[in-house]
Amino acid sequence: MPYPSLRLSFVCLALWLALVFAGGARAQEYTLSGNVTDAATGEMLLGATVYDPASGKGSAANAYGFYSVTLPAGVYFLTVRSVGY
């Protein structure tokens, strides 16, 4: 077996390239989170929805007005709605 270390290096390089390209196939995701509040009073708006119409992903704010939405990297225009506003 001539050059066994060369063969091992080639196998390691091939595995590394496969992992890099497989990892690159997945879109990087980010989580956007915060609190939905009334701009005039600062009151937390529980149950308000934060929604991306393009992807169909969204979240409802909890009892403290907190929401969290995870989306792939990109530019989004989110819609925020609350009953009574």
Side-chain angles (χ1 to χ4, degrees):
M1 202 188 289
Y3 309 111
S5 63
L6 182 61
R7 180 175 290 162
L8 180 60
S9 297
F10 178 73
V11 169
C12 289
L13 177 64
L15 287 173
W16 180 79
L17 286 172
L19 289 173
V20 166
F21 287 111
R26 287 182 277 148
Q28 193 168 9
E29 291 188 330
Y30 294 93
T31 300
L32 176 66
S33 62
N35 291 309
V36 182
T37 60
D38 182 305
T41 65
E43 177 185 0
M44 301 290 181
L45 299 179
L46 59 117
T49 58
V50 179
Y51 178 74
D52 171 41
S55 69
K57 292 186 177 184
S59 174
N62 66 13
Y64 304 101
F66 179 81
Y67 71 92
S68 177
V69 180
T70 301
L71 297 165
V75 177
Y76 298 92
F77 294 96
L78 300 176
T79 302
V80 179
R81 293 188 180 167
S82 182
V83 176
Y85 285 85

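Hydrogens, waters and symmetry mates are skipped; everything else that's a heavy atom, side chains included, is used. Residues take their numbers from the sequence shown, with the count starting at 1. Here the structure is a predicted model, which is why all the values come from computation and not from measurement.
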Closest heavy-atom contact between [X] and [Y]?
X: Ala48; Y: Ser82; answer: CB-CB, 3.9 Å
X: Thr79; Y: Pro53; answer: OG1-CG, 3.7 Å
X: Thr70; Y: Lys57; answer: O-CD, 3.7 Å

Residues that, via side-chain heavy atoms closer than 4.5 angstrom, fall in one hydrophobic cluster with Tyr30: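 Result for Tyr30 is none, singleton.
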Shared-cluster residues of Leu32, by chain and number - hydrophobic side chains joined below 4.5 Å: Val36, Leu45, Val50, Tyr67, Val69, Leu71, Tyr76, Leu78, Val80, Tyr85
Arg81 CZ to Thr49 OG1 distance, which is reported to the nearest 0.5 Å: 7.0 Å
